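Below: the structure, in C-alpha cells.
This one's a predicted model, so the numbers in the text were calculated from it and none came from an experiment.
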Amino acid sequence: QVQLVESGGGSVQAGGSLRLSCAASAYTFSSYCLGWFRQAPGKEREGVAVINRGGDSTYYGNSVKGRFTISRDNAKNTLYLQMNSLKPEDTAMYYCAARISPTCASWWAVRSEYKYWGQGTQVTVSS
C-alpha cells in the first residue's frame with residue numbers, strides 16, 4: 001500500500017518555473033515505478049513523465065520534453081517534478097502515481113497501469 005501526497009502547485013506567469021513534490025508513505029518506496037500525470041478541464045489525463053526505481057532512467061511526454069525534469073529521492077521517499085519555461089497549456093491538475101512493474105518504461109503513460117494515486121495539486125500558468 002502506498003499513500004501519495006502532492007505539493008508545490010500554484011499560479012505562475014508564462015516562462016516561470018515550479019517544482020512539484022510527491023511524498024510517499026511506503027516501506028518499499030524504491031520498489032515502485034513513479035510517474036506524473038496531468039489533467040486539464042475537459043481533457044483526458046495524460047502522462048507527463050516517469051522514472052524508474054533507481055532514478056537513472058526517465059521518459060517524458062512530447063509536450064514537456066526539454067522543459068520538465070522528473071527525479072526521486074529514495075532516502076526521503078519523495079518524487080519531484082521540476083517544471084521550467086511553463087506555458088499556459090501546462091495548466092492542469094497534476095497527479096503523482098505509483099505502480100509495481102518489471103519495466104517502468106512499458107506502457108508508462110497509460111493511466112490504468114497505475115494502482116496508486118495522489119489527490120493532485122493545481123498548476124495554473126497565465127499568459
Side-chain angles (χ1 to χ4, degrees):
Q1 188 75 15
V2 180
Q3 292 184 331
L4 304 169
V5 180
E6 302 95 336
S7 62
S11 297
V12 64
Q13 288 192 326
S17 298
L18 282 174
R19 188 193 196 200
L20 306 184
S21 298
C22 175
S25 60
Y27 290 110
T28 57
F29 178 77
S30 61
S31 300
Y32 291 86
C33 303
L34 300 173
W36 286 99
F37 284 72
R38 66 185 183 186
Q39 188 167 16
K43 295 189 176 181
E44 294 290 322
R45 191 169 297 189
E46 66 168 335
V48 174
V50 71
I51 190 166
N52 70 344
R53 288 171 287 274
D56 57 353
S57 182
T58 58
Y59 297 86
Y60 296 91
N62 289 333
S63 62
V64 305
K65 279 181 183 177
R67 300 188 299 122
F68 291 11
T69 302
I70 188 172
S71 62
R72 66 191 292 169
D73 186 336
N74 287 341
K76 296 182 178 180
N77 280 18
T78 304
L79 172 72
Y80 303 100
L81 184 69
Q82 178 66 45
M83 305 185 295
N84 298 329
S85 302
L86 283 161
K87 304 175 181 180
E89 51 263 44
D90 294 318
T91 295
M93 185 73 77
Y94 283 72
Y95 301 88
C96 62
R99 65 168 179 162
I100 297 288
S101 175
T103 56
C104 295
S106 298
W107 305 103
W108 74 264
V110 178
R111 176 181 180 176
S112 60
E113 291 290 317
Y114 292 79
K115 183 175 182 179
Y116 305 104
W117 292 85
Q119 82 290 347
T121 186
Q122 178 67 38
V123 172
T124 302
V125 185
S126 58
S127 57

Any chance you could measure N52, atom CG, to C104, atom SG, to the nearest 0.5 Å?
5.5 Å
Any side-chain heavy atom of S21 sitting closer than 4.5 Å to one from E6?
no
Decide yes or no for Q39 and E44: does some side-chain heavy atom of the first lie under 4.5 Å from some side-chain heavy atom of the second?
no
Output yes when a side-chain donor or acceptor of D73 lies under 3.5 Å from a complementary backbone atom of N77, and no otherwise.
no
Student check: side-chain heavy atoms of R111 and Y95 closer than 4.5 Å
no
Could you tell me whether E89 atom CD has more than 12 heavy atoms of other residues or ligands within 6.0 Å of it?
yes
Would you mind listing the cluster partners of F29? Hydrophobic ones only (ILVMFWY), side-chain contacts under 4.5 Å, chaining allowed.
V2, L4, V12, L18, L20, Y32, L34, W36, V48, I51, Y60, V64, F68, I70, L79, L81, M83, L86, Y94, I100, Y116, V123, V125
Step by step, work out the side chain to side chain contact (heavy atoms under 4.5 Å, CB included) result for R45 and W117.
CA-CA 12 Å; R45 191 169 297 189; W117 292 85; 3.4 Å; yes
Counting only N and O atoms by type, is there a donor-acceptor contact under 3.5 Å from the side chain of R19 to the main-chain atoms of G9?
no
When rounded to the nearest 0.5 Å, the distance separating OG1 of T124 from CG of D90 is 11.0 Å
For S85, does its backbone N or O pair with a side-chain atom of R67 as donor and acceptor, under 3.5 Å?
yes
Minimal heavy-atom distance between Q82 and S17, with the atoms involved, is NE2-CB, 4.0 Å
S63/R38 under side chain to side chain donor-acceptor pair (under 3.5 Å): CA gap, chis, key distance, verdict:
CA-CA 12 Å; S63 62; R38 66 185 183 186; 3.2 Å; yes
Residues pairing under side chain to side chain donor-acceptor pair (under 3.5 Å) where one sits in residues 101-110, two or more places apart or in two chains, turn out to be T103-S106
Taking all heavy atoms of A14 and all of S127, pick out the closest pair and write down the distance.
CB-CA, 4.3 Å
Could you tell me whether R99 sits above the aromatic face of Y114, with NZ or CZ closer than 6.0 angstrom to the six-membered ring centre and within 45 degrees of the axis?
yes
Same cluster (ILVMFWY, side-chain, under 4.5 Å), M93 and Y80
no
dist K65:NZ -> T58:OG1 (nearest 0.5 Å) comes out at 10.0 Å
